[in-house]
Amino acid sequence: MARSIEQFKLKAAEKARNEAVQEEERRQVAERNKGKALQEMAETVERETNTAVGEVATGTDRMGKECDPDDR
């Protein structure tokens with residue numbers, strides 16, 4: 001009976017270790033996914049900002065040419 005109890009304790013400890021390893025693996029995967037998502041968001045913001053700045057620059061240039069009497 002004592003041996004059965006000891007085996008039960010060993011299996012319980014092993015199960016707890018395995019669960020801890022699995023949880024750590026899940027945490028690492030989640031952390032990598034979070035990093036990837038943040039990188040994608042940053043790239044999107046940069047791309048959209050560059051597009052907006054380009055459009056404003058083009059519009060400003062066009063307005064400047066329309067208002068410049070020497071260009072008429």
Side-chain angles (χ1 to χ4, degrees):
M1 174 118 166
R3 192 165 51 185
S4 295
I5 291 173
E6 189 61 32
Q7 284 182 329
F8 177 78
K9 287 180 181 180
L10 289 173
K11 286 185 180 187
E14 183 179 345
K15 182 180 178 188
R17 281 191 301 274
N18 288 340
E19 288 175 352
V21 167
Q22 289 175 348
E23 180 59 32
E24 179 62 19
E25 289 172 354
R26 282 191 290 270
R27 187 194 65 74
Q28 289 176 358
V29 167
E31 200 62 33
R32 282 192 299 270
N33 289 342
K34 179 180 174 183
K36 183 179 178 184
L38 287 173
Q39 181 64 34
E40 289 174 358
M41 287 172 47
E43 290 170 359
T44 298
V45 168
E46 184 175 5
R47 184 176 54 252
E48 291 180 3
T49 300
N50 287 335
T51 299
V53 168
E55 290 173 358
V56 168
T58 299
T60 303
D61 188 48
R62 187 175 53 244
M63 286 178 11
K65 288 179 180 179
E66 290 173 359
C67 293
D68 190 356
D70 295 336
D71 285 346
R72 292 184 187 174

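Because only heavy atoms are used, hydrogens play no part in the values below, and waters and symmetry mates are left out as well, while side chains stay in. These numbers come from a predicted model, not from an experiment. Just so you know, residue 1 is the first one in the sequence shown, and it goes up from there.
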Within residues 48-62 or reaching into it, pairs that qualify as salt bridge (charged side-chain N to carboxylate O under 4.0 Å, His left out) - sequence neighbours excluded: Asp61-Lys65
Partners meeting side-chain contact (heavy atoms from CB on, under 4.5 Å) with Leu10 (sequence neighbours left out): Glu6
Results of side chain to side chain donor-acceptor pair (under 3.5 Å) for Glu14 - residues two or more places apart only: none
side-chain contact (heavy atoms from CB on, under 4.5 Å) partners for Glu40, two or more places apart: Lys36
Pairing residues for Lys11 by the side-chain contact (heavy atoms from CB on, under 4.5 Å) criterion, not counting sequence neighbours: none
Over 12 foreign heavy atoms within 6.0 Å of CD, Glu46: no
Contact summary for Val45 and Thr49, nearest pair of heavy atoms: O-OG1, 2.7 Å
Listed once per pair and sorted, the salt bridge (charged side-chain N to carboxylate O under 4.0 Å, His left out) pairs that draw on residues 24-35, sequence neighbours left out: Glu23-Arg26, Glu24-Arg27
Those residues that, when tested against Thr44, pass side chain to side chain donor-acceptor pair (under 3.5 Å) (two or more places apart): Arg47
